[in-house]
Amino acid sequence: MSSGLEGVVGSDQLLSGLNPAQVEAVTAPDVPVLVLAGAGSGKTRVLTHRVGYLVATGRARPEAVLSVTFTNKAAREMRSRLAALLGGEPRGMWLGTFHACSARMLRLRGEEAGVPRDFVIYDEVDRLAVLKEGMRLAGVDEKRTSASTVSGEISRSKNDLVDAIGYAERAHGYVEGLVARVFPHYELLLQSNRALDFDDLLLRSVRLLESSDETRDYFRARFAHVLVDEYQDTNRAQYSLLRLLVEEHRRVTVVGDPDQSVYSWRGADIRNILEFQRDYPDALVIPLEQNYRSTAAILRAAGAVIQENSMRVEKGLWTDGPEGTAVTVAQFYDEREEATAVAREAVTLVDRGEADFGEIAVLYRTNAQSRSFEEVLLRAGIPYRLVGGVRFYQRKEVKDVLAYLRLLVNRQDRVAFERVVNLPKRGIGGQSLQQLMRAAQGLSVGYWELLADPASIGIRGQAASGLKRFGLTIEEVFDRGVSWPLVQVFDRMVESTGYRSYLRDGSPEGEERWANVMELRGLAAEQGDGPMLESLPAFLEQVALAGEGDQLEEGSRAITLITLHQVKGLEFPVVFVTGVEEGLLPHVRSLDTVAELEEERRLLYVGMTRAKRLLYLSHCFQRHLYGSPKAAIPSRFLAPLGKSGAMERWGANGDFPSARPYVAPVAAHGQPAPLRRAREVVMERATSPGPPVLIEARFRGGDRVEHARFGKGSIATSEMTPGGEEVVIDFDSSGRRRFAVTDAVLRKLG
DNA sequence: AGGAACAGTTTTTTT
DNA sequence: AACTGTTCCT
């Protein structure tokens, strides 16, 4: 196996500790390689080691490798692992997401395909602003067809490599007809803003490679080895891009798991991985089936769930690890009780020394679900980190400052301009702006040039002076700051535009927003002391392409709150998959086709297979939707769990008190049975055979305790009430307080 | 132009 | 419940 490797430093590490299948994947020859990697089978490891192996054995120079990951975080992680394997950072290697690599290709060669060198990247919010303008121009009523519908349609089209013309040609039906009218306007607006949306990055890269033989040859020579992670989640555009890069030399390795394909709504096409062998008949297919992550109990439960899918390639995922604790299925009254139960179970585990908060993850289908958890954890003083949610880069104040900075790079960025031109108030209203834009259109000049003399186009008064001042301020920051370091420009900008004083209005919220701006400043400072002219575009690109998982730093001591989509690729010793209910998982919007339904099931599978030691699934009796309570029914996906040996734990007052073999609550005719409230269930259980449900006080008078917020103290009294245990505590430093134990996080001392 | 009060709505997931 | 957009008033 080591022939040809003698004397190569580090090759031992590259293969040691790998199982035979992994070794085969790492050392595979220069043919198309498909690694079908089951959950927890060491797929990232294989990918990293293969890159390292190619480099260490001299088969590939680092700068000849393109390695595509699904998130920026995965890219960073791979880079650092490679550095460890190779004893130094791999120089010149391209390592990033499809979008990031595309952007980079376009910066290098995009002008050949009509992409301006200084293009900006629009996110979903920016794109909606452009789209709304486009809809106005096309005379499409936003009330009848929402901008987000149109956005989704255009996005899907671009991901299928269909442009505005192509779309119009094949559009049929009402909505498609409307979209076909808006699409060209949208494209023209993007062009005049010198902006690309996310989908353009892929689309334009493909067009670039298609249109120029020279450029295509250049990149083909450049990337003699291409590797792709999470191949099951690639879309048509990504597929084509890959094809264009490797079809000649065929040194391509893709890694993925069809059972973890959960991005079809973003255009991902599971056929890409299923048909890899058809695309490359000589492909080497290597299945990785040994799971190193989860206990046998968890693996069995997850397997029982995914097995229900009809569209899949059977895999024999196995482990030689311990059986572990049975998977828990629990029902709670509502999302509040669910959150409380999770919090208390987490505290119990931490108290018993079975886990650290940082080892626990709470998973859910929709971001909105994070709220109840946040509320409970916040009140309880349990540390948590929320992934996604109101994302940092989407916060108003962050977007505002970025808009100001974007103008320095690209004065034609109308979305940025309109965002901040009247922030703080400069007396510029919608009327004046419309006038400005109309005049610019009529005179065929950029609107920016008209700022110098608004009177000439009939804008007077406050608006005129405001516009003029705004233009001058931006130009001045630019002129004086061209060669400054980015941070300095940053400071100057928020100062001279008055944005700082606008934000810091003396309110606590204002200070918090300012703190976010300062956090952004910190990121800007990381760009170094080079001239702003170079560092600013790099900064803006980095920010535009940054994903949310990216803020997830390792070694946190906090509970992780995260969506099922974002958790892909991560693992935690303890996992709670919450809200496993009809309408949520599977989501109501995914019930139209079998394909959608099965994707929802894969989502649950992804969630379950994140767990290493303990796995909890929960659902509620009722859940609030848009403010009003709605009955919830356990997910159909839970049905096969009974056969896996999962245990059912009735939730009472937010606890996981007793367990019995899980019986799926499904009626004889296959419809999920209606459920009773958890509290009623508890009472019923108490009078039926089996272990009695114990609800007893956790604390007694005299117990020494520590509260997350108030510190140490002694229990004065403890009593059981219908709502749970209530204690009175004499705190050493802050006197006597009363708590419901459910709400307070108390650690017993001694 | 700008604010307050009001009405109506809410795609789930994200590079 | 929270957020958006609209309308009406100053």
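Please read these numbers as outputs of a predicted model, since none were measured by experiment. The figures that follow rest on heavy atoms only: side chains count, while hydrogens, waters and symmetry mates do not. The chains referred to below are lettered A, B, ... by the order of the sequence lines, with proteins before strands, and numbering in each begins at 1.
- Among B/dA1, B/dT13, B/dG2, the nucleotide with an atom closest to any side-chain atom of A/Lys425 is B/dG2.
- The interatomic distance linking A/Phe198 (CZ) with B/dT13 (C1') rounds to 15 Å, in whole Å.
- Proximity of A/Asn367 to the phosphate of B/dT13: a side-chain N or O atom is located under 4.0 Å from OP1 or OP2.
- Under the stacking definition used here (centres under 5.5 Å, planes under 30°), the residue A/Trp265 qualifies as stacked on the base of B/dT13.
- Nearest-nucleotide positions on DNA chain B place A/Gly429 closer to the 5' end than the other of A/Arg589 and A/Gly429.
- Within the 4.0 Å cut-off from OP1 or OP2 of B/dT11, not a single side-chain nitrogen or oxygen of A/Thr149 is found.
- Partners of A/Asp505 by salt bridge (Lys or Arg N to Asp or Glu O under 4.0 Å), not counting sequence neighbours: none found.
- Comparing B/dG2, B/dT15, B/dA1 by their nearest atom to the side chain of A/Ser432 picks out B/dA1.
- There is a side-chain donor-acceptor pair under 3.5 Å between A/Asp413 and A/Tyr122.
- Atom-to-atom, CG of A/Asp123 to C1' of B/dT15 comes out at 11 Å; the value is rounded to the nearest Å.
- Applying the salt bridge (Lys or Arg N to Asp or Glu O under 4.0 Å) rule to A/Asp126 yields the partners A/Lys399, A/Arg406; only residues at least two apart in sequence or on another chain are considered.
- Between A/Gln431 and A/Glu600, the one whose closest nucleotide on DNA chain B sits nearer the 5' end is A/Gln431.
- For A/Gln462, the side-chain atoms get nearest to B/dA1 when compared with the rest of C/dT6, B/dA1, B/dT14.
- Using the six-membered ring where Trp is involved, A/Tyr263 and A/Trp265 have ring planes that are tilted, between 30° and 60° apart.
- Among B/dT15, C/dA2, B/dG2, the nucleotide with an atom closest to any side-chain atom of A/Asn422 is B/dG2.
- The P atoms of B/dT13 and C/dT4 are separated by 15 Å, rounded to the nearest whole Å.
- Backbone-only contact: A/Tyr263 has heavy atoms under 4.0 Å from sugar-phosphate atoms and none from a base.
- Checking B/dA1, B/dT14, B/dG2 against the side-chain heavy atoms of A/Arg266 singles out B/dT14 as nearest.
- Base engagement by A/Ser148 is indicated by at least one non-hydrogen atom pair under 4.0 Å involving a base atom.
- At whole-Å resolution of the value, NZ in A/Lys143 and P in C/dT4 are 17 Å apart.
- A salt bridge links A/Lys158 to A/Glu187: one of the charged nitrogens lies within less than 4.0 Å of a carboxylate oxygen.
- Considering only the side chain of A/Lys132, C/dG5 comes nearest among C/dG5, B/dT13, C/dA2.
- The side-chain ring of A/Tyr626 is stacked on the base of B/dT10, judged by centre separation under 5.5 angstrom and plane angle under 30 degrees.
- The phosphate of C/dA2 (OP1 or OP2) has a side-chain N or O of A/Arg371 nearer than 4.0 angstrom.
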